[in-house]
Amino acid sequence: MKYQKLENQEANWKWLYLIRKYREGENITAYEEKSLSESKAQQLVASQNHPQQIEEWIKSHLAPHLIVKLDQAIRARRKRYFNGEKKSTKKKSIDLEYAVWLRLSRYSRKMKMTLSETITYMIDERESKAQFENQMSEMKASLKNLLK
């Protein structure tokens with residue numbers, strides 16, 4: 001396993017995930033009966049600061065369709081958490097209009113690069129072009145001075 005499991009923190013992440021689902025109106029329990037489902041959900045709400053109770057609740061009462069989703073969400077959260085500790089691995093995001101993203105995506109596939117690599121490549125190209133233009137204008141100016 002690449003990322004260390006922190007039991008207390010992961011229990012909190014699981015609690016947050018399940019409570020969000022519950023507040024969105026989704027049945028997070030394995031029970032169809034409304035009153036039983038509601039009481040078990042309230043048990044989970046009450047166990048916020050007790051990691052062992054959260055884990056026991058998940059083992060006993062979690063809806064079967066949420067088992068895989070919860071594991072995936074926690075795995076992703078763990079990855080983001082540990083990658084966020086270093087500047088080099090921390091993910092940043094930018095908002096692009098769809099048309100811009102589409103053009104960038106096509107260009108990336110054509111160049112066989114990731115989107116990040118493509119953006120870096122385009123910036124490097126633009127910087128080297130500006131540097132070349134600067135050198136050319138300096139050479140033209142020095143030639144004009146020489147010819148005077």
Side-chain angles (χ1 to χ4, degrees), residues 1-140:
M1 177 187 342
K2 186 175 179 181
Y3 303 106
Q4 179 183 355
K5 285 188 177 182
L6 305 172
E7 305 299 332
N8 291 344
Q9 189 157 33
E10 289 193 17
N12 184 45
W13 291 340
K14 290 174 184 179
W15 185 87
L16 289 170
Y17 177 84
L18 292 170
I19 294 304
R20 183 175 48 83
K21 290 284 187 190
Y22 171 65
R23 289 188 177 139
E24 290 172 354
E26 192 172 327
N27 182 11
I28 60 171
T29 67
Y31 313 111
E32 293 299 319
E33 184 184 326
K34 189 77 171 161
S35 61
L36 181 59
S37 174
E38 190 66 30
S39 70
K40 296 300 178 184
Q42 288 304 320
Q43 267 184 352
L44 179 64
V45 170
S47 65
Q48 177 179 3
N49 297 317
H50 307 282
Q52 283 79 19
Q53 288 180 5
I54 294 169
E55 293 298 333
E56 287 300 317
W57 189 96
I58 289 171
K59 287 177 189 167
S60 306
H61 309 295
L62 184 64
H65 72 278
L66 282 177
I67 294 171
V68 173
K69 287 182 180 180
L70 179 63
D71 287 343
Q72 289 172 337
I74 297 305
R75 197 175 312 118
R77 186 93 183 243
R78 189 183 310 129
K79 182 177 189 278
R80 283 191 305 272
Y81 177 80
F82 283 105
N83 284 345
E85 288 181 339
K86 295 184 200 165
K87 256 188 180 178
S88 61
T89 55
K90 188 171 183 162
K91 296 286 183 185
K92 313 293 186 287
S93 64
I94 57 173
D95 292 331
L96 297 174
E97 293 177 8
Y98 179 75
V100 174
W101 172 83
L102 189 60
R103 286 182 66 191
L104 184 62
S105 178
R106 286 181 184 153
Y107 190 67
S108 294
R109 274 180 277 168
K110 179 179 159 188
M111 300 292 287
K112 293 183 170 79
M113 296 179 177
T114 65
L115 293 176
S116 294
E117 290 169 338
T118 303
I119 291 170
T120 304
Y121 172 78
M122 294 170 89
I123 291 170
D124 289 345
E125 286 295 307
R126 180 64 191 126
E127 287 174 345
S128 62
K129 183 180 176 184
Q131 187 179 15
F132 178 74
E133 288 173 352
N134 212 8
Q135 288 174 345
M136 290 302 289
S137 63
E138 287 175 8
M139 285 174 56
K140 284 180 185 177

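Counting only heavy atoms from C-beta outward, the side chains of Met111 and Met122 never approach each other to under 4.5 Å. In this structure the side chain of Ile54 never reaches within 4.5 angstrom of the side chain of Leu18, judged on heavy atoms. With contacts defined as side-chain heavy-atom distances shorter than 4.5 Å, the pair Tyr107/Ile119 does not qualify.
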Do any side-chain atoms of residues 98-106 form donor-acceptor pairs under 3.5 angstrom with protein atoms, and if so which ones, sequence neighbours left out?
from	atom 1	to	atom 2	distance (Å)
Ser105	OG	Arg109	NH2	3.0

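Rounding to the nearest 0.5 Å gives a distance of 6.5 Å between CD of Glu10 and CD1 of Ile74. The structure places CD1 of Ile67 at 12.0 Å from CD of Gln72, a figure rounded to the nearest 0.5 Å. Residue Lys14 holds its NZ atom at 12.5 Å from CG of Leu16, rounded to the nearest 0.5 Å. Here the straight-line distance linking atom NZ of Lys112 with atom CD of Glu117 works out to 13.5 Å at 0.5 Å rounding. In this structure, Glu127 CD and Gln131 CD are separated by 9.0 Å, a value rounded to the nearest 0.5 Å. Atoms NE2 and CG, from His61 and Leu44 in turn, are 9.5 Å apart once rounded to the nearest 0.5 Å.
Considering every non-hydrogen atom in both Leu70 and Tyr17, the closest pair reads CD1-CD2, 3.4 Å. For the residue pair Leu36 and Ser39, the shortest heavy atom distance occurs at O-OG, 2.9 Å. Nearest approach of Leu66 to Leu62, heavy atoms of both residues: CB-CD1, 4.0 Å. Closest non-hydrogen pair, Ser60 versus Tyr31, comes out as O-OH, 3.7 Å. In plain terms, the two heavy atoms of Tyr22 and Ala41 that are nearest each other are CE1-CB, 3.4 Å.
Heavy atoms of other residues, nucleotides or ligands lying less than 6.0 angstrom from CD of Glu133 number more than 12. Enclosure of atom CD in Glu24 by more than 12 non-hydrogen atoms of other residues, nucleotides or ligands within 6.0 angstrom is indicated.
Between the side chain of Trp13 and the backbone N or O of Arg75, no donor-acceptor pair lies under 3.5 Å. Distance alone, capped at 3.5 Å, places no donor-acceptor pair between the Ser37 side chain and the Glu33 backbone.
The pair Glu55-Lys59 does not count as a salt bridge, with every side-chain nitrogen at least 4.0 angstrom from each carboxylate oxygen.
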